[in-house]
Amino acid sequence: MAMSRAAAAVRQRRCGPLLPAARSMASWFGHVERAAKDPILGVTEAFLADPSPDKVNVGVGAYRDDDGKPVVLECVREAERRVAGSTNMEYLPMGGSVKMIEESLKLAYGEDSEFIKDKRIAAVQALSGTGACRLFADFQKRFLPDSQIYIPTPTWSNHHNIWRDAQVPQRTFAYYHPESRGLDFAGLMDDIKNAPEGSFFLLHACAHNPTGVDPSEEQWREISHQFKVKNHFPFFDMAYQGFASGDPERDAKAIRIFLEDGHQIGCAQSYAKNMGLYGQRAGCLSILCDDEIQAVAVKSQLQQIARPMYSNPPLHGALIVSTILGDPALKSLWLKEVKGMADRIIGMRKALKESLEKLGSPLSWEHITNQIGMFCYSGMTPEQVDRLTNEFHIYMTRNGRISMAGVTTGNVAYLANAIHEVTKTN
């Protein structure tokens, strides 16, 4: 029976407008288009689809051993043995594991940090470095809605996605110098000086991704001084502490310099690279505050932001991290193993550089060993990278970023020869 006009009017007031009769439920999402492939994850997909026995993947940002296999650290295996069956599976608090946070802060700020003793740091467990950055970006938008973030050129591509989706306006600052394959320190300092007073800056604490180019200690001191002059806020993304040089203390030097100079800072920590906990999503976000009262307030707000996102962070990765860092013997083993990973990467840098030089390459490859960490920013063009893929079945991102973790004693000569072939005419 047809609905009367009066009944329809009552229904519309109660339930909203009537749907057009011709509209089916299937049409609700008919306008949604397929998203563009992630430039990094798409490389792995293409690699896996390639049947060539000679294929090489130097695009993935995950550590591999010298046989090209994923690695689980022995300290992690031992921590898992200790954790298994030792606890229940209840929710963690919204702020995460207290023990993991305590150990993370000591790693970033120092074992004897006065800021930890004075309880001036607001910190929560986060979903690895990505989650820590996103929590901070949302915090920035909520409590400093008129602020913007300065991001280095280039940077890890997901940084742009994170602050974009948090609706924080982005600006860029000079960082990489293509001609020297090194740091554009003059341009960086100019952009810091010219940014509006009190700006937010995203800084890579060590092993800059994707370039592998880090400021020297003296340059970090100059950067810190200029931040002080302009009252800028430094937010450090520290995804590679220990993995860069093999020494977690050395890799935290930039943060320690800023702390010595009296800055308030933010810090995102990740245990993906330095403990190999890629799939556990273990990380920490910390913000240094004026005092304990402010730190309590800030932490409470970070937890409120996390609540509608994921409610509580995952338990297993937090247990592994806190077990390793909280036990002197396991921590000592971790320090040995993370140095072993860093040393292998450094060794592969040397081997790749020497292989290219032996082939008689007319180009300088000094930047391979001058850069540090997971990645080498090779300087190759997108067209040259395409040739590597099409002719030699070598896979990497089109910006020329080589994941040194994918380079092994078994493939370094093949990789060097291919790079030589596509670059020798330039």
Between [X] and [Y] (side chain of the first, backbone of the second, donor and acceptor by atom type, cut-off under 3.5 Å), is there such a pair?
| X | Y | result |
| --- | --- | --- |
| N158 | N161 | no |
| Q219 | S216 | yes |
| Q125 | G283 | no |

Centroid-centroid under 6.0 Å between [X] and [Y] rings:
| X | Y | value |
| --- | --- | --- |
| Y377 | Y176 | yes |
| F201 | F235 | no |
| Y150 | F173 | no |

Quick check on I293: does its CD1 atom have over 12 non-hydrogen neighbours (other residues, nucleotides or ligands) under 6.0 Å away? no
If you draw a 6.0 Å radius around NZ in K141, do more than 12 non-hydrogen atoms from other residues or ligands fall strictly inside? yes
Cation-pi, F375 ring and R401 (6.0 angstrom, 45 degrees): yes
Does the ring of Y395 carry K55 above it, NZ/CZ under 6.0 angstrom from centre and within 45° of its axis? no
Will you find, in the side chains of N370 and E366, an N or O donor that is under 3.5 Å from an N or O acceptor? no
For the atom pair OG1 (T423) and CG (L363), what is the distance rounded to the nearest 0.5 Å? 5.0 Å
Which atom pairs, one a donor and one an acceptor, fall under 3.5 Å between side chains of residues 190-197 and the rest of the protein, sequence neighbours left out?
residue: D191; atom: OD2; partner: A174; partner atom: N; Å: 2.7
residue: N194; atom: ND2; partner: D190; partner atom: O; Å: 3.0

Exactly one candidate in L203, T155, L183 meets side-chain contact (heavy atoms from CB on, under 4.5 Å) with Y175; the answer is L183
I419 to L388 - nearest heavy-atom pair and separation: N-CD2, 3.8 Å
